[in-house]
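Data first, discussion second: the structure below is written as structure tokens.
Hydrogens, waters and symmetry mates are skipped; everything else that's a heavy atom, side chains included, is used. Every number for a ligand or one of its atoms is a count from 1 in the order of the listing.
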Amino acid sequence: MTATRVLVLNSGSSSVKYQLLDMSDSSRLAAGLVERIGEETSRLKHTPLTGGGEAREREQPIADHEEALKAVADELARDGLGIDSPELAAIGHRVVHGGKFFTEPTVIDDAVLKEVERLIPVAPLHNPANLTGIRTAMALRPDLPQVAVFDTAFHTTMPESAARYAIDIKTADEHRIRRYGFHGTSHAYVSRRTAQLLGKEPEDVNVIVLHLGNGASASAVRGGICVDTSMGLTPLEGLVMGTRSGDVDPAVIFHLMRVGNMTADEIDVLLNKKSGLIGLCGDNDMREIRRRVDEGEQEARLAFDIYIHRLKKYIGAYYAVLGRVDAIVFTAGVGENSAPVREAAVAGLEELGLAVDGELNSVRSDEARIVSPEYARVAVAVVPTDEELEIAQQTYALVAPPENRNA
Ligand SMILES: Nc1ncnc2c1ncn2[C@@H]1O[C@H](COP(=O)(O)OP(=O)(O)O)[C@@H](O)[C@H]1O
Ligand SMILES: CC(=O)OP(=O)(O)O
Ligand SMILES: [Mg+2]
């Protein structure tokens, strides 16, 4: 029997998303999410997608990512899909920061672990969780290949003019300060899927991808190759996010140190966890913010307007970077679900060939779709991202026996 299953783990700062896939036909066997890890009560939601079982949800304290992964293993075992199965070919891990050198999915060994660990200071919310996920999975299945798929990989093609900050070049090189970019697995998948939606080859289309989740980033993709992205050295730069500020004048930081008597660590927490939408209006969920906007609440309105203003600036910037744009595509939790965000982001950009059709835009669907009117020069698309499928495919391509690689 050939092992064709891949377990994908996407460990976030306080959550683990997972999927078990069968790569012989890319079908999903189970999916789930552990949320609020480390808080008083955590929540585990597990959905078997084969055998007709019901989704199961429970609340219990889960102290850390190791416990979370063990709980996930238990849930999978209950469905007869245990991690000990000989049908499992590999475990694929989302690793957020891979620095400059991991341009491809990589089988994890001690050297890879060391490098991911070395990068913790530039991805303090993400890399530690990724490492715990990897180490726990390795302890559960030491015999299996564990593969890292890096958020940064897709962005390693950025030209130096986009990847470099204009700071003293020796200092930058000494500390490896440059723009790395994140959410690359999503930007890669969504830009490719958008080309398909337009009936074209990826090489022939220029796309602006707007990945708007809790973390959010934009990218400019020319002919399938990333040429710019909004996140930088860390996932803090760029768009306004759920809890992160995105772009600020760096002098804000010295000012807070000198005049606000804050430490570097306090400012780190302020900008990463207490800013963005939650800092502006107390909510980071776009559904709740829209509800408040619709009720006429000024604070929520301002937060929404700031979010949209920044988004619009990046659309304009990447339009200029690409010169010609075939499609602008919205993805991730907010991008896929919030019609008001999509409408507001392109409002007033008709001169750039951009518009949404009110009716198409308001349809709720899990399908990739075009929401711009027929006459628009640039397609506006909504494409659900699928980081887990992309990670599973990249993982399987690396570990499967050659005759199975195109499964
Ligand atoms: N129906 C909806 N309308 C508007 N926003 C939504 C909707 N559903 C989810 N979201 C937004 O999506 C966000 C989560 O997006 P997601 O891509 O899952 O983020 P992450 O992977 O960073 O956790 C939520 O914080 C919420 O703001
Ligand atoms: C890199 C990043 O911001 O990831 P997430 O959106 O999952 O927090
Ligand atoms: Mg995400």
| query | Taking non-hydrogen atoms only, is Asn284 closer than 4.0 angstrom to ligand 1 via side chain, backbone, both or neither? | reply | backbone

| remark: With heavy atoms and a 4.0 Å threshold, my read on which part of Asp151 contacts ligand 2 is side chain

Check each of [options] against [atom] and report the one with the nearest heavy atom.
atom	options	result
atom 14 (C) of ligand 1	Ile278, Leu277, Asn214	Asn214
atom 3 (O) of ligand 2	Met241, His97, Arg244, Lys17	Arg244
atom 4 (C) of ligand 1	Arg287, Lys17, Glu35	Arg287

Close-contact set for ligand 1 against [X] heavy atoms, below 4.0 Å:
X	result
Gly215	22 (O)
Ala332	17 (O)
Val334	11 (C), 12 (O), 27 (O)

| Looking only at heavy atoms of Gly242, does any of them come nearer than 4.0 Å to an atom of ligand 1? | no

| Quick one: does Arg364 get a heavy atom under 4.0 Å from ligand 1? | yes

| said: Between ligand 2 and Arg94, is the shortest N or O to N or O distance under 3.5 Å? | reply: yes

| query | Backbone or side chain, does any N or O of His183 fall under 3.5 Å from an N or O of ligand 2? | reply | yes

| task | Please work out whether the ring planes of Tyr314 and Tyr318 are parallel, tilted or perpendicular, with thresholds of 30° and 60°. | result | perpendicular

| task | Could you label the plane-to-plane angle of the His46 and Tyr18 rings as parallel, tilted or perpendicular, counting under 30° as parallel and over 60° as perpendicular? | result | parallel

| message | Holding to side chain to side chain contact (heavy atoms under 4.5 Å, CB included), I want the full list of residues that pass it with Ile278, two or more places apart in sequence or in another chain. | response | Thr243, Asn284

Going by the atom numbers of ligand 2, which of them fall below 4.0 Å from some non-hydrogen atom of [X]?
X	result
Met231	3 (O)
Pro235	1 (C), 3 (O)
Phe182	1 (C)

| request: Mind jotting down which residue pairs meet the side-chain hydrogen bond (donor to acceptor under 3.5 Å, both in side chains) criterion with at least one end in residues 337-351? Sequence neighbours excluded, please. | output: Asn337-Arg364, Arg342-Asn361

| said: Hydrogens and angles aside, do Gln298 and Arg301 bring a side-chain donor and acceptor to less than 3.5 Å of each other? | reply: no

| field | Geometric N/O contact Gly213 with ligand 1, under 3.5 angstrom | value | no

